[in-house]
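All remarks here apply to the structure that follows.
As the structure is a computational prediction, the values presented were derived from the model and not from experiment.
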Amino acid sequence: MLSVNTNQGAMVALQTLNKTNSDLDKTQNAISTGLKVATAKDNGAIWAIANKMRSDVGAYDRVRESTDRAASILDTGIAAGESIMELLNEMKGKALAGSQAGLTASAQAALAADFAQLRDQITSIIANAVFDGANMIQGTPNNAVALGDSAGGNTITVNGASLALGGAVVTVTGTSAVDSAANATTALGLVNTSITNLGTQLATWGAGAKRLDVHKTFIGKLQDALNNGIGAIADADLAKESAKLQALQTKSQLGIQALSIANSSSQSALSLFR
């Protein structure tokens, strides 16, 4: 039927052209953003999954920062502990020398002065072994704590230990002295015990530092895996989209031609009245 009121061919051509233009918009958006799923309108389920994974990647950035902070606190404690170990080794020599019988008063006094300076330096090191307000070796030590996962459900904790004089690790007291052979012998025993205890503590902290390093490496690999997963489900294949763009541009031009032809069909009705 020939009608000037209803042009079925034009309606079909217009619907086809609108569909082509819609697909063209999607392809152009994919090329410009690099994403085949850029918004929830593109694919709600895939967008939600990708968004959750991106959230996890961002959260793991905070986990890495937390691990870096904990590692720095622990490194500070280890460095301080190693410095104290060096002092204890020197103190051992002074105490051993001071334990000899028959030393002159001046020699004993010199050894005592050196020993006291080394002993007091331990307290100074402890006071300065602070990172971001945390001190793992003070009288009431802080712990090095790192986030374990993106949900904050668990942590990795390396416990601090007091290296203060007269404590469980450094048994040398604030009054230990080598001002006599007897006192030097007592001090030597305390120094030897301190060296053993501190060696064990440093070994424990070393294992903790290794654990934090392994955790940080794992988090980096996990982020890479998540980013790869996001890319697999949300990134656009630009080679494929480029080919689609060429095809859709051609279809759009043909659709315009088809619509023009369909619109001109009503003009033929005029010939019936000539």
Those residues that, when tested against Asn192, pass side chain to side chain donor-acceptor pair (under 3.5 Å) (two or more places apart):
Lys92
Is there a path of hydrophobic side-chain contacts, each under 4.5 Å between heavy atoms of I/L/V/M/F/W/Y residues, joining Leu212 to Phe218?
no
Under a single-linkage definition using a 4.5 Å side-chain heavy-atom cutoff for Ile, Leu, Val, Met, Phe, Trp and Tyr, are Leu222 and Val214 assigned to the same hydrophobic cluster?
no
Side chains of Ile73 and Asn142, heavy atoms from C-beta outward: is any pair under 4.5 Å?
no
Is there side-chain contact between Phe115 and Asn183, with at least one heavy-atom pair below 4.5 Å?
no
Distance-only polar pair, side chains of Thr196 and Thr193, donor-acceptor under 3.5 Å:
no
Output yes when a side-chain donor or acceptor of Thr76 lies under 3.5 Å from a complementary backbone atom of Ser72, and no otherwise.
yes
Member of Val172, Ile126, Leu202 meeting the side chain to side chain contact (heavy atoms under 4.5 Å, CB included) criterion with Ile84
Ile126
Are Thr67 and Ile156 packed together at the side-chain level, in the sense that at least one heavy-atom pair is separated by less than 4.5 angstrom?
no
Tell me whether Met91 shares a hydrophobic cluster with Ile195, the cluster being built from Ile, Leu, Val, Met, Phe, Trp, Tyr side chains joined at under 4.5 Å.
yes
Side-chain heavy atoms of Gln138 within contact of Val130, under 4.5 Å:
no
Is Lys52 salt-bridged to Asp56, going by a charged N under 4.0 Å from an acidic O?
yes
Sub-3.5 Å donor-acceptor pair from the side chain of Asn143 to the main-chain atoms of Val145, do we have one?
no
Are the side chain of Thr155 and the backbone N or O of Thr157 linked by a donor-acceptor pair below 3.5 Å?
no
